[in-house]
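Comments concern the structure below.
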Number of protein chains: 2
Amino acid sequence: MDDRTAHRTSPATHRGADRLPGTRYGSRPTMKDVAARAGVGLKTVSRVVNEEPGVTPETERRVQEAIEALGFRRNDSARVLRKGRTASIGLVLEDLADPFYGPLSRAVEEVARAHGALLINGSSAEDPEREQELVLALCARRVDGLVVIPAGDDHRYLEPEVKAGVATVFVDRPAGHIDADVVVSDNFGGARDGVAHLIAHGHRRIGFIGDMPRIHTAAERLRGYRAAMEDAEITVEDSWMSLGVTDPERVRRAAEEMLTGPEPVTAVFAGNNRVTVTVIRVLAGHTRPVALVGFDDIELADLLQPGVTVVAQDAAALGRTAAERLFRQLDGTLLTPERIVLPTRLITRGSGELPPAG
Amino acid sequence: MDDRTAHRTSPATHRGADRLPGTRYGSRPTMKDVAARAGVGLKTVSRVVNEEPGVTPETERRVQEAIEALGFRRNDSARVLRKGRTASIGLVLEDLADPFYGPLSRAVEEVARAHGALLINGSSAEDPEREQELVLALCARRVDGLVVIPAGDDHRYLEPEVKAGVATVFVDRPAGHIDADVVVSDNFGGARDGVAHLIAHGHRRIGFIGDMPRIHTAAERLRGYRAAMEDAEITVEDSWMSLGVTDPERVRRAAEEMLTGPEPVTAVFAGNNRVTVTVIRVLAGHTRPVALVGFDDIELADLLQPGVTVVAQDAAALGRTAAERLFRQLDGTLLTPERIVLPTRLITRGSGELPPAG
DNA sequence: CTGAAAGCGCTAACAC
DNA sequence: GTGTTAGCGCTTTCAG
């Protein structure tokens with residue numbers, strides 16, 4: 001039963017025991033040090049490091065040798081200070097641990113990488129203040145551009161930054177009180193189609209469980225739900241709708257309420273992936289079959305009984321599109337802010353095609 | 001059918017149409033500009049910006065006013081150049097889109113945030129060269145510390161950085177040829193316990209499908225499998241084991257081979273979350289019940305029929321522990337590199353408790 | 001309480 | 001081909 005609890009082992013060695021010649025612990029060699037050691041001028045080192053032309057192979061060799069020997073690494077802070085651009089962009093999202101944002105972030109990173117830029121990202125935890133704090137910290141670090149999934153709805157604080165030339169694209173949700181590029185999914189159309197799908201399968205008493213309506217995507221999806229119901233001339237009852245934080249506890253209660261009582265819903269439209277998962281758990285505890293369509297795809301949805309019908313959005317495409325626009329802003333190719341809407345896709349797997357029961 | 005395909009709308013406004021007074025488009029006000037406008041010295045502005053004591057309320061007000069008016073934001077590149085520390089740490093992992101790394105990254109971010117630092121992260125895509133490229137780019141930006149999930153197995157290239165004072169912690173897999181902090185899960189023990197669990201339920205012909213053995217975690221889990229089999233005095237046949245890239249295609253073929261033929265396996269141990277998912281899909285196409293235990297937990301595992309028994313590791317704890325150690329290195333509290341092993345947890349849900357069939 | 005001067009490590013511009 | 005100088009925007013030091 002080894003290794004069953006956390007434990008530590010500690011080799012006898014000490015970090016920094018033998019130091020590089022010419023290097024104090026905690027300080028780094030500079031180009032000046034390299035130049036001195038190689039017996040050349042500062043600028044020659046700069047040329048070698050930046051692979052600029054006009055250096056004799058022999059000189060270059062000597063410089064390279066000194067670089068290796070000293071463990072020199074160019075200090076990009078100084079470089080940035082001089083050049084003005086950092087070759088890095090910032091991404092502010094809600095929560096990196098959310099399976100929706102992982103692929104989005106990765107897509108942004110890939111585009112950044114293709115443009116030689118690094119990605120700094122931060123989670124706002126859906127807190128407008130924290131969003132602003134993060135964004136401004138990124139601006140202070142002089143990121144070249146910013147991809148923001150807004151938590152707040154007022155982005156006037158970004159005006160000086162944008163005017164100073166920080167490229168900015170908002171994703172997933174629109175910006176507030178600022179004229180900027182926006183890339184979003186068709187939340188309204190997707191939700192409307194999903195609900196219409198349930199109606200087409202004979203449902204009329206359809207529940208909607210969604211996020212807090214102050215979140216734009218949540219409001220849009222609710223609007224889609226209402227539109228579909230109205231199109232079918234169904235009067236929506238208040239008890240069919242539940243908006244609020246999407247933690248399992250609240251969603252579970254909301255679902256249970258809709259599913260019981262004298263006139264229970266026969267179908268549920270779940271407003272996002274977290275809601276869908278919780279609703280599935282609730283339905284698993286009921287015998288009466290209830291139809292379900294969820295917004296956002298979820299892993300293994302096809303393997304459940306029945307498979308989960310979803311309105312899928314393409315998180316990677318959202319990130320890619322946003323990042324590409326960002327770099328087009330930086331290229332100067334792009335001048336006028338636009339709003340880009342990406343389509344959603346209804347994936348039928350069984351749960352959305354169940355007929356009304358009860 | 002509006003909004004069904006990507007489309008764009010473009011308001012008539014133009015970015016940068018009205019500029020802030022005293023600000024050229026694309027350039028930013030400096031402390032000097034603020035000082036001039038407020039009619040004070042440069043250092044006074046610096047004092048206000050950094051909330052240093054010793055400024056008259058009245059002076060402070062004038063400075064604040066100038067800051068607001070100009071949209072000034074301190075340039076941290078310059079600050080870093082002077083101070084030496086960047087208040088940022090780097091995280092290099094395999095793929096941010098992997099559900100295992102999202103929570104890990106988030107945990108690292110939380111710790112960083114608590115220490116006032118930003119997180120820069122990059123995906124190595126399991127490519128040692130790209131890992132090195134990323135790590136060195138982060139060092140050039142003078143991150144204070146580095147959390148690395150290694151793709152490669154030789155980290156001697158980091159020696160100069162570590163000696164220069166870059167705090168470094170390796171997570172999930174050990175470092176190669178360098179003396180540094182390491183935080184890993186108990187891959188060996190977890191796999192051994194998982195396989196022993198299958199043996200305890202009567203299985204003897206147990207398959208193992210894992211990642212490429214050059215990946216340390218994969219090798220350790222294979223070792224755990226072998227150890228459990230040996231403990232039970234079962235001779236493992238080559239056809240029961242399959243190591244290689246974990247894309248669905250290959251895993252599917254491997255699983256199919258084990259499950260058919262004259263002496264098929266009655267249980268499978270899946271080496272990671274991606275393998276588990278694919279194996280579940282394969283098993284869904286077979287009628288004979290086959291037991292399954294997977295390494296790594298997966299979402300909705302409890303809702304499948306049967307529920308999926310897994311050996312779970314705590315990704316967030318891995319990230320948190322690593323980041324905390326990193327900051328202890330930076331505090332100077334920590335001097336000797338250690339190896340920390342976090343326990344895994346067997347979660348029984350049904351699939352691992354099926355008796356042998358066939 | 002406030003400010004002038006020096007310099008962090010690099011690159012741009014211009015000498016040689 | 002190579003080296004010298006100035007200065008990016010800030011903080012540090014030290015003088016008023």
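Proteins come first, then strands; the chains are lettered A, B, ... in the order of their sequence lines, and each starts at number 1.
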For this session: On DNA chain C, reading 5' to 3', which nucleotide is the first and which the last to sit with an atom under 4.0 Å from a heavy atom of chain B, could you check?
Result: C:dC1 to C:dG9
Problem set entry | Along DNA chain D, first and last positions that approach a heavy atom of chain A under 4.0 Å |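 The contacted stretch runs from D:dG1 to D:dG9.
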Seminar exercise, completed: Ordered by number, residues from residues 73-87 of chain B within less than 4.0 Å of DNA chain C (heavy atoms) are B:L81, B:R82
Exercise. Between B:V183 and B:E324, does a side chain to side chain contact (heavy atoms under 4.5 Å, CB included) hold up when you go through it step by step?
Worked result: CA-CA 11 Å; B:V183 181; B:E324 276 163 0; over 6 Å; no
For this session: Quick one: do A:R130 and B:E110 satisfy salt bridge (Lys or Arg N to Asp or Glu O under 4.0 Å)? Show the steps, please.
Result: CA-CA 12 Å; A:R130 196 162 151 179; B:E110 283 309 317; 3.0 Å; yes
Problem set entry | Residues touching DNA chain D, which here means a heavy atom under 4.0 Å, drawn from residues 48-60 of chain A |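 Going residue by residue through residues 48-60 of chain A, the ones with a heavy atom under 4.0 Å of DNA chain D turn out to be A:G54, A:V55, A:T56, A:T59.
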Problem set entry | Interatomic spacing from OG1 in A:T86 to CG in B:D76 - rounded to 0.5 Å | 11.5 Å
Could you tell me which residues satisfy salt bridge (Lys or Arg N to Asp or Glu O under 4.0 Å) with [X], sequence neighbours excluded, listed by chain and number?
X      : result
B:E65  : B:R61
A:R320 : none
B:R173 : B:E94, B:E126
A:R73  : B:E161

For this session: If a pair satisfies side chain to side chain donor-acceptor pair (under 3.5 Å) and one of its residues is in residues 133-143 of chain A, list it, with sequence neighbours excluded.
Result: A:E133-B:R113
Exercise. Can you name the ring pair (Phe, Tyr, Trp, His ring centres under 6.0 Å) partners of A:Y101, sequence neighbours left out?
Worked result: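 Testing A:Y101 for ring pair (Phe, Tyr, Trp, His ring centres under 6.0 Å), a comparison that skips the adjacent residues, returns none.
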Exercise. Who pairs with B:R85 by side-chain contact (heavy atoms from CB on, under 4.5 Å), at least two apart in sequence or on another chain?
Worked result: B:D144, B:L330
For this session: Return the set of residues passing side-chain contact (heavy atoms from CB on, under 4.5 Å) with B:V45 (not counting sequence neighbours), or none when no residue passes.
Result: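 B:V45 satisfies side-chain contact (heavy atoms from CB on, under 4.5 Å) with B:M31, B:V34, B:A35, B:V40, B:V49, B:V63 only.
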For this session: Start with the C-alpha distance between A:L134 and B:L118, add both sets of side-chain angles, then the distance that settles side chain to side chain contact (heavy atoms under 4.5 Å, CB included), and finish with yes or no.
Result: CA-CA 9 Å; A:L134 266 168; B:L118 280 182; 3.7 Å; yes
